A.B. asks: 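Mind looking over this structure? Questions follow.
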Protein chains: 2
Amino acid sequence: MKNKKDQDTEQKILQAANRVFLKKGYEGARMQEIANEAGINKALLHYYFRSKEKLFDRIFREAFSNFWPSIEKVTKGGNAEIKELIEAAVNGYMDILEDKPFLPAFIVGEINRSPERIKDLLLSTGLQPEKVLKIVQDAIDAGEIVEMDPRELIVNIVSLSIFPFIGRPLLSSMFWESTEEFDLFLKDRRKTVYEFICRSIMKRT
Amino acid sequence: MKNKKDQDTEQKILQAANRVFLKKGYEGARMQEIANEAGINKALLHYYFRSKEKLFDRIFREAFSNFWPSIEKVTKGGNAEIKELIEAAVNGYMDILEDKPFLPAFIVGEINRSPERIKDLLLSTGLQPEKVLKIVQDAIDAGEIVEMDPRELIVNIVSLSIFPFIGRPLLSSMFWESTEEFDLFLKDRRKTVYEFICRSIMKRT
DNA sequence: TCTAATTTTGACCATATGGTTAAAATAAAT
DNA sequence: ATTTATTTTAACCATATGGTCAAAATTAGA
């Protein structure tokens, strides 16, 4: 039976673990640092979460499920508009990543470390990539956009949305005066990316 | 004075370190594993490279300098064509990344781990981002392409070229039958990315 | 208030890991 | 051939790290 203090401590641990794991990854993270960050004894971590792997697994699954923008509004109604899909995807990613900029680097880094877990993870998210593909394919069949592999468009949308956050330190150093200015650029970007994509896929008159 | 065996061993170590560090990152890599991979005693690593940090630094600098496509052909002559720039950049990245797919994940991961090193690294590469920006700006001023922040176009080119390699395990699991098929997709991609970008920036008639 | 259950801690353990050292093996110099 | 310099190894060392445990502190239940 859980009481109030129980919940508090568990939450403090999870928040601390989240900060540390996301910034340093599984290999770089230290249980001691997580304990310090949470303001508790290291043994408590094991009391609540058995092992580093178990704790990490909890954090990672949570992070992974937060990684996907919700586009049900677009996919639900049968009459899916391709432009709405793009707008929802780009805005969805921007919303998530402005709030948690470390998320994508963390996810791809950890997936790279143990790729065998992907299948399981994807299943538990209940994502339906086929639905997204179908929307794109329908738009192509209807002649609304140029002909292309639907997967290519998806990859491009995702690339344009996510990569600037992964490459933030590098890009901001090369082309901006400061990371703050780069962040301003990122804020504007949801508009410009959307336009960039639409210009490319709309047929010429 | 170095003799032949010396060179051999050093090279074997560097190759082994390269494999291990690129796949596992600094924190995940083990000196023992590098030694095994190189077929030598662990103490030899320290004989040749003092410490893990020193060895890593050597590998990382090498990796970082390999990360940039050579676009001098385009930038050298004053008459820089924007389309040539895009083609050179996309093809340059594809050439590099088809050969070393782990490179971008490694670089961005390690830069994330210690961002303070970037300035120094960038200086030692002798890259000139301004030149690239100027080519884009000139094309805009000449009315060849649509108006936009030149940095935005650069970021888009880089994102579209690099991200699919970073997100390979995830993307291939979601939208392809196997990683092999995804790799075929990546091979074709240098054409389609180029076209995708050009369609977006060329002015409508 | 008194007891039982739960939570928290400090001290400890086993192992992994980066690093060192002295001696053995090999190559170079004479 | 003998000596000297260099390369390689096995055996260690110190420390960091994930994890455990018994006791103390706290909370819940009677």
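Note that this is a predicted model, so its numbers are computed, not measured. Throughout, a chain's letter reflects where its sequence line sits, starting with A, and its residues are numbered from 1.
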A.B. asks: To the nearest angstrom, how far is A:I13 atom CD1 from C:dT8 atom P?
C.D. replies: 8 Å
A.B. asks: May I ask you to verify if any side-chain N or O of B:R50 is less than 4.0 angstrom from the OP1 or OP2 atom of C:dG19?
C.D. replies: no
A.B. asks: For the side chain of B:S65 and the backbone of B:E62, is there at least one donor-acceptor N/O pair under 3.5 Å apart?
C.D. replies: yes
A.B. asks: Is B:R117 positioned over the aromatic face of B:Y26, cation under 6.0 angstrom from the ring centre and no more than 45 degrees off axis?
C.D. replies: no
A.B. asks: Closest nucleotide of DNA chain D for A:A43 versus for A:Y26: which of these residues is on the 5' side?
C.D. replies: A:Y26
A.B. asks: Could you check how far CG of B:L45 sits from C1' of D:dA10, rounded to whole Å?
C.D. replies: 15 Å
A.B. asks: Which of these, A:R113, A:R30, A:K23, A:K24, sits in a salt bridge (Lys or Arg N to Asp or Glu O under 4.0 Å) with B:E27?
C.D. replies: A:R30
A.B. asks: Can you tell me how far C1' of C:dT17 sits from CG of B:N36, to the nearest Å?
C.D. replies: 13 Å
A.B. asks: Let's see if you can work this out: which of D:dG18, C:dT7, C:dG10 has an atom nearest to the side-chain heavy atoms of A:M31?
C.D. replies: D:dG18
A.B. asks: Can you identify which nucleotide, out of C:dT21, C:dT9, C:dT8, has its nearest atom closest to the A:T9 side chain?
C.D. replies: C:dT8
A.B. asks: Reckon A:A35 touches a base, only the sugar-phosphate, or nothing at all at heavy-atom distances under 4.0 Å?
C.D. replies: nothing
A.B. asks: Whole angstrom is fine here: how far is it from CG in A:L44 over to P in C:dT9?
C.D. replies: 5 Å
A.B. asks: Give a yes/no on whether any side-chain N or O of A:H46 is located under 4.0 angstrom from OP1 or OP2 of D:dG19.
C.D. replies: yes
A.B. asks: Quick one: do A:K187 and A:D183 make a salt bridge, cutoff under 4.0 Å?
C.D. replies: no
A.B. asks: Write down the distance between CD1 (A:I40) and C1' (C:dG10), rounded to a whole number of angstrom.
C.D. replies: 14 Å
A.B. asks: Indicate whether OP1 or OP2 belonging to C:dT21 is found under 4.0 Å from a side-chain N or O atom of B:Y47.
C.D. replies: no
A.B. asks: Considering just the side-chain nitrogens and oxygens of A:R30, establish if one lies under 4.0 Å of OP1 or OP2 belonging to D:dA16.
C.D. replies: no
A.B. asks: Let me know which of A:F21, A:F64, A:F60 forms a side chain to side chain contact (heavy atoms under 4.5 Å, CB included) with A:E110.
C.D. replies: A:F60
A.B. asks: Figure out the OH/P separation between A:Y48 and D:dG19, and round it to whole Å.
C.D. replies: 18 Å
A.B. asks: Could you check how far NZ of B:K42 sits from C1' of C:dT21, rounded to whole Å?
C.D. replies: 13 Å
A.B. asks: B:N41 CG to C:dA23 P: how many Å, rounded?
C.D. replies: 17 Å
